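Okay, so here's the structure we're looking at.
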Amino acid sequence: MGVLVLAGILLLVVVGCVCVVWAARGGPRWVQVVSAVTLRVADIVKTLVRGMGSSKSGSGSNSGSSSSSDSGD
């Protein structure tokens, strides 16, 4: 059952990506709508993932930066 759900999500992602490319080349109206929805969902997911990453790592991600050690070389 879980495999079917994941396969369905993967299918939606692939169809969404195809619609984004097709809409960029001037596809029909329904393709442009699916493309807009796909891009909006991608922005929401990106925001959620960034929020999860910053709350999980906290200030440890800044202290582990290699930029200060690179300047000494």
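We're numbering straight along the sequence, starting at 1. Nothing here was measured: the structure is a model prediction, and the numbers come from that model.
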Within-4.5 Å side-chain heavy-atom neighbours: I44 and L48 |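 Touching, per the 4.5 Å side-chain cut-off.
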Could you give the distance from OG1 (T47) to CE (M52), rounded to the nearest 0.5 Å?
->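 Separation between the atoms: 12.5 Å.
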Using atom types as modelled and distance alone, determine if a side-chain donor or acceptor of S35 lies under 3.5 Å from a backbone N or O of V31.
->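 Checking the backbone N and O of V31 against the side chain of S35, no donor-acceptor pair under 3.5 Å is found.
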Which residue, L12, L11, V13, V18, forms the side-chain contact (heavy atoms from CB on, under 4.5 Å) with V15?
->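 When L12, L11, V13, V18 are each tested with V15, the side-chain contact (heavy atoms from CB on, under 4.5 Å) holds only for L11.
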